[in-house]
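Contents: one structure, followed by commentary.
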Amino acid sequence: MEIKFPNIPLYQGWGAPLRVESDLRDLELIHGQVPEDLNGTLYRCGPDRQYPPMHGDDIFIDGEGMAHMFRFTNGHVDYRSRWVRSERFLLQEQARRSLFGRYRNRYTNDPSVAGRNQGTANTNAIWHGRKLLILKEDSLPVEVHPDTLETIGPWDYQGAVKAVSLSAHPKVDLHRNELLTYSYQATGDGSTDIVFYIMDAEGKVTQELWFNMPYPGMVHDFAVTDTHVIFPFWPVITDMTVVRNGGPYYQWHPDKECHFAIFPRRGKAEDIRWFRGPAASAGHMMNAFNEGARLHLDVCLYQGNCFEFFPSYDGSPYRPCPPQLTRLSFDLDQNRTDYASRILLPTPSEMPRIDERYIGKTYRYGYMLCRSPDAAAAGTIGLSAIGCIDHETGALTTWSPGPDSGVQEPIFVPRQIGAAEGDGYLLVLVNRMPENRSDLAVLDARSIADGPVALLKLSLRVRSTFHGMWVPGQALQTGIYNV
Ligand code: V55
Ligand code: FE
């Protein structure tokens, strides 16, 4: 059977399937100097396409996972990429074709893979509990080797995780060396079960709280404060009747409300407080923190449906709405169920990150993709700049790699153990679209507008990735983070 990808925009230009595993020792330096104090590894993960899809209407969040690493040692930077050899990948490799159908819809899979794991392992890479884990929210983590990216296998915390999946957006508490994570639709497709877990530095489950969601929604990300956990439920909902008929796994329900569950990190089901508000949606949270009895959630919020490819259940047309960094504030000492909402930044922004030593704490700096001044002139959303918001002044500073280039989610690296908040670097993959290849930019996080302190060249394209993490060399050796 011939290998031919459908002629759709998704697979053209920068999105063309790459399907290549690479090793590139010693990236070329375009300009600047790689900081000598930057020792460790940037891990990232994104989708590629192993084989042409079974259905023509593929969506970009559904390719097979490719893991990437950039290892920094004493000024040298080495790059490597490997497919994540999930059960799905291995089955398809054997068959030399796609066997899994539409995104998360097992009713569209080839009958030969009934009951097999359809997880793509394409969303995030995190290092915790002495393991490098590749994550996809519909399945359990896949462990890969932190030096080689060779796949080791699925990881269920020695059977302690009974949920069928774990989120791709866990939070690592670097101070306590704990992982805070969860599973939604945790007992199977369309279920309303959700479970919150805390794992210790050795990967032992030390907290587990099961409860029910208001509807079987998508819970792509959540947030934690030093004391609490907040789960947002946006009305992007699974209807199993639709799924069984081969339809989309999620549909937008503009007539349903958002719900938020807030409880103490070590709380019980009776501690859960619920809040509600008008329909909106989001992929990603920047951070959350406590201020007295109030909990603030900073989120890149869409005033409508954030997924064009998950249509409205009632056939109403998709209305584009740019993501805006918004602070939702919840009073925990009163009996109200509503919350306050304030836009922190009107400029569209997404893929928010912070200095992760400040997860759950009052924090000053946020980093994200944002609309570049160039794109603003062209009238597109064009999230082609890196932004840094200073919550103390409200000021936004940006760096754009040029009008024909794109950027991927920035990752913050502290300059050294004990550095002040925001004192460090941002690592940014730059998409050089006209040249069909990538750069890796190292920015000084305190002055991103000055441009990279080091710009490294790859002779190849690093297809768009979603998320990742910096792991200090010292942490890989000792097994724990030291901040
Ligand atoms: C998202 C991404 C996913 C997914 C569900 O950005 C939601 C949201 C990368 O995969 O499966
Ligand atoms: Fe995400």
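Just so we're clear, the structure is a prediction, and the values are computed from it rather than from any experiment. Sequential numbering from 1 along the given sequence is applied to the chain's residues.
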Restricting to non-hydrogen atoms, name the atom on [X] and the atom on [Y] that form the minimum distance, rounded to 0.1 Å.
{"X": "Leu149", "Y": "Val144", "value": "O-CB, 3.9 Å"}
{"X": "His169", "Y": "Tyr182", "value": "O-CE2, 4.3 Å"}
{"X": "Cys45", "Y": "Ala121", "value": "SG-O, 3.5 Å"}
{"X": "Asp355", "Y": "Glu421", "value": "OD2-CA, 3.5 Å"}
{"X": "Gly63", "Y": "Thr120", "value": "O-CB, 3.4 Å"}
{"X": "Glu350", "Y": "Tyr302", "value": "OE2-OH, 2.8 Å"}

Take a 6.0 Å sphere around CD of Gln12 and say whether it holds more than 12 heavy atoms from other residues, nucleotides or ligands.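 Yes - once you tally the heavy atoms of other residues, nucleotides and ligands closer than 6.0 Å, there are more than 12.
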
Measure from the side-chain N and O atoms of [X] to the backbone N and O of [Y], and report whether any donor-acceptor pair falls under 3.5 Å.
{"X": "Asn177", "Y": "Tyr481", "value": "yes"}
{"X": "Trp234", "Y": "Ala282", "value": "yes"}
{"X": "Gln408", "Y": "Thr465", "value": "yes"}
{"X": "Glu64", "Y": "Pro47", "value": "no"}
{"X": "Arg437", "Y": "Arg432", "value": "no"}
{"X": "Arg106", "Y": "Asp189", "value": "no"}
{"X": "Ser183", "Y": "Ser165", "value": "yes"}
{"X": "Arg116", "Y": "Arg88", "value": "no"}
{"X": "Asn431", "Y": "Ser405", "value": "no"}
{"X": "Thr398", "Y": "Gly387", "value": "no"}

Side chains of [X] and [Y]: does their closest heavy-atom pair fall under 4.5 Å?
{"X": "Leu174", "Y": "Ile359", "value": "no"}
{"X": "Pro414", "Y": "Val483", "value": "no"}
{"X": "Leu345", "Y": "Leu396", "value": "yes"}
{"X": "Pro35", "Y": "Val442", "value": "yes"}
{"X": "Met218", "Y": "Phe307", "value": "yes"}
{"X": "Trp399", "Y": "Pro452", "value": "yes"}
{"X": "Ser167", "Y": "Phe222", "value": "no"}
{"X": "Leu180", "Y": "Phe196", "value": "yes"}

Let me see the working for Gln474 and Asn482 under side-chain hydrogen bond (donor to acceptor under 3.5 Å, both in side chains), right down to the final yes or no. CA-CA 8 Å; Gln474 151 272 125; Asn482 188 354; 4.7 Å; no

Row check, Tyr425 ring normal vs Arg415 NZ/CZ: under 6.0 Å, within 45°: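 Here Arg415 passes the 6.0 Å and 45° test against Tyr425.
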
Within 45 degrees of the ring normal and closer than 6.0 Å to the centroid, is that where the cationic atom of Arg353 sits relative to Tyr365?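 Judged by the rule, Arg353 and Tyr365 form no cation-pi pair.
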
Arg71 bridged to Asp147 by N-O distance under 4.0 Å: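 Looking at Asp147 together with Arg71, the answer is yes, because their closest N to O distance falls below 4.0 Å.
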
So, Arg446 and Asp390, do they make that salt bridge, N to O below 4.0 Å?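 The answer is no: the pair does not qualify as a salt bridge.
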
Check the angle between the aromatic planes of [X] and [Y] and answer parallel, tilted or perpendicular using the 30° and 60° thresholds.
{"X": "Phe289", "Y": "Tyr363", "result": "perpendicular"}
{"X": "Phe231", "Y": "Phe233", "result": "parallel"}
{"X": "His284", "Y": "His220", "result": "perpendicular"}
{"X": "Phe60", "Y": "Phe309", "result": "perpendicular"}

Which is it for Leu10 and Asp58 under the side chain to side chain contact (heavy atoms under 4.5 Å, CB included) test, yes or no, and what are the steps along the way? CA-CA 8 Å; Leu10 183 64; Asp58 189 27; 3.8 Å; yes

Yes or no on salt bridge (charged side-chain N to carboxylate O under 4.0 Å, His left out) for Asp226 and Lys361, after CA distance, side-chain angles and deciding distance? CA-CA 6 Å; Asp226 256 351; Lys361 301 179 187 301; 3.1 Å; yes

What distance separates [X] [atom1] from [Y] [atom2], expressed to the nearest 0.5 Å?
{"X": "Ile230", "Y": "Thr225", "atom1": "CD1", "atom2": "OG1", "value": "9.0 Å"}
{"X": "Arg82", "Y": "Met69", "atom1": "CZ", "atom2": "CE", "value": "9.5 Å"}
{"X": "Glu87", "Y": "Thr151", "atom1": "CD", "atom2": "OG1", "value": "13.0 Å"}
{"X": "Leu476", "Y": "Asn39", "atom1": "CG", "atom2": "CG", "value": "11.5 Å"}
{"X": "Leu426", "Y": "Ile411", "atom1": "CG", "atom2": "CD1", "value": "9.0 Å"}
{"X": "Asp78", "Y": "Thr41", "atom1": "CG", "atom2": "OG1", "value": "9.5 Å"}

Apply side-chain hydrogen bond (donor to acceptor under 3.5 Å, both in side chains) to Arg364 and Tyr358, showing your working. CA-CA 9 Å; Arg364 179 163 180 185; Tyr358 286 80; over 6 Å; no

Could you give me the CA-CA distance, side-chain angles and deciding distance for Leu427 and Leu38, then say whether side chain to side chain contact (heavy atoms under 4.5 Å, CB included) is met? CA-CA 11 Å; Leu427 302 182; Leu38 205 45; 4.3 Å; yes

Under the side-chain hydrogen bond (donor to acceptor under 3.5 Å, both in side chains) test against Gln50, which residue among Gln92, Glu93, Arg96, Arg97 passes?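 Answer after filtering Gln92, Glu93, Arg96, Arg97: Gln92.
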
Would Lys136 and Asp138 count as a salt bridge (charged side-chain N to carboxylate O under 4.0 Å, His left out) here? Give the steps. CA-CA 6 Å; Lys136 174 75 185 183; Asp138 70 352; 5.7 Å; no

Identified ring-ring contact (aromatic ring centres under 6.0 Å, His included) counterpart of Trp470 within the set Phe72, Tyr43, Trp127: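 Only one option passes, and that is Phe72.
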
List for me each residue that meets side-chain contact (heavy atoms from CB on, under 4.5 Å) alongside Leu460, sequence neighbours excluded, and say none if there are none.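 Scan of Leu460 (side-chain contact (heavy atoms from CB on, under 4.5 Å), adjacent residues dropped) gives Ser22, Leu24, Tyr79, Leu458, Val462.
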
So, applying side-chain contact (heavy atoms from CB on, under 4.5 Å) with Met351, which one of Leu383, Leu369, Ile386 is it?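 Filter result, single survivor: Leu369.
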
For residues 318-325, which side-chain N or O atoms pair as donor and acceptor with protein atoms under 3.5 Å away, sequence neighbours left out?
| from | atom 1 | to | atom 2 | distance (Å) |
| --- | --- | --- | --- | --- |
| Gln324 | NE2 | Pro346 | O | 3.0 |

Determine, stepwise, if the pair Tyr249 / Asp62 fulfils side chain to side chain contact (heavy atoms under 4.5 Å, CB included). CA-CA 12 Å; Tyr249 193 74; Asp62 200 28; over 6 Å; no

Is the ring centre of Phe412 less than 6.0 Å from the ring centre of Tyr367?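 Yes; Tyr367 has its ring centre under 6.0 Å from that of Phe412.
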
